[in-house]
Chemist: 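Mind having a look at this structure? Questions to follow.
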Amino acid sequence: MKNRRDLILEEMGLTPVWRLRGSASLAERAPATEPPARNESRVTSNESLQPATGDRRAEIMSLDWTQLKQRVAGCTDCPLHAKRNKTVFGVGDEDADWLFVGEGPGADEDAQGEPFVGQAGKLLDNMLAAISLKRGANVYIANLVKCRPPGNRNPEPQEALQCEPYLHRQIELIRPKLIIALGKVAAANLLASDASVASMRGKVHQYRGIPLIVTYHPAYLLRSLADKAKAWSDLCFAVRFMKDLQISKTATI
Ligand code: SF4
């Protein structure tokens, strides 16, 4: 009889490939095909782009959760505010050990004001369930930018730069033990790197002193079944990292 995890993996189309294995899978890193860029339509007006000055960052970094949510809800500091329906602040356990960061809201998220609620969200929830996690319980989910880029294009560098202090403050308030960057845009901005997802996978990076692991964005995985096995391998890598962290903490007590 199949257990719950097997049923979840089967639903995700990940069986028989997705199986928790020992540390051997860490060495099974094959070069991955770079995810295709999202729709490339561009915002041409920068008229509402405010400089991400030190003063602005310092002001944002002084906010508590309530103030930060209010600040984001009323933000007009970059052109993305013009076409949004709702800001998408983030959701989950504000004391979470796990923080998942995507690039920005899509149409469903823009309508509902919550990250990862469409098909990609369903896949993310299944990925979490496969490693015994769930949204809201020791998990926080956020995006790099809080307003939907029109047409699902990637955020412009200036838009990402302008919105980054909000995520920075969220991370400071949560203090997660591990950040999972979902997709190239999130990884590139958090790590200030232009490297491919394929080359960033399988390593523990650092974002302001917090460990960070890179994997594919669930929306990309919906289009690229072959890379689901790699994403599963990344999640197993993350689970092992968290277990090792716990063991080393226990050993030093
Ligand atoms: Fe403000 Fe970020 Fe929305 Fe731009 S994307 S308007 S910086 S909340």
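Numbering of ligands and ligand atoms starts at 1, following listing order. What's counted below: heavy atoms across the whole structure, side chains too, no hydrogens, waters or symmetry copies.
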Chemist: Nearest 0.5 Å, please: how far is CG in L99 from CD1 in I179?
Modeler: 5.5 Å

Chemist: Any Lys/Arg nitrogen of E114 or R135 sitting under 4.0 Å from an Asp/Glu carboxylate oxygen of the other?
Modeler: yes

Chemist: Would you check if the distance from the ring center of F116 to the ring center of H217 is below 6.0 Å?
Modeler: yes

Chemist: Is the shortest distance from a Lys or Arg side-chain nitrogen in D234 or R201 to a carboxylate oxygen in the other one below 4.0 Å?
Modeler: yes

Chemist: With no hydrogens and no angle check, is any side-chain donor or acceptor of D110 less than 3.5 Å from a backbone partner on N85?
Modeler: yes

Chemist: In terms of atom number and element, which parts of ligand 1 are under 4.0 angstrom from non-hydrogen atoms of H81?
Modeler: 6 (S)

Chemist: Mind checking whether E159 contacts ligand 1 via backbone (N, CA, C, O), side chain (CB onward), both or neither, at a 4.0 Å heavy-atom cut-off?
Modeler: neither

Chemist: So, are D108 and R148 salt-bridged, with charged N and O less than 4.0 Å apart?
Modeler: no

Chemist: Within the 4.0 Å heavy-atom shell around C75, which atoms of ligand 1 are there?
Modeler: 1 (Fe), 6 (S), 7 (S), 8 (S)

Chemist: Run the numbers for me: atoms of ligand 1, each under 4.0 Å from some heavy atom of R84, listed by number.
Modeler: 3 (Fe), 6 (S)

Chemist: To which protein heavy atom is atom 3 (Fe) of ligand 1 closest, and what is the distance rounded to 0.1 Å?
Modeler: C147 SG, 2.3 Å

Chemist: Is C78 close enough that one of its N/O/S atoms sits under 2.8 Å from atom 3 (Fe) of ligand 1?
Modeler: no

Chemist: For atom 2 (Fe) of ligand 1, what's the nearest protein heavy-atom neighbour? Residue, atom name and distance, please.
Modeler: C163 SG, 2.3 Å

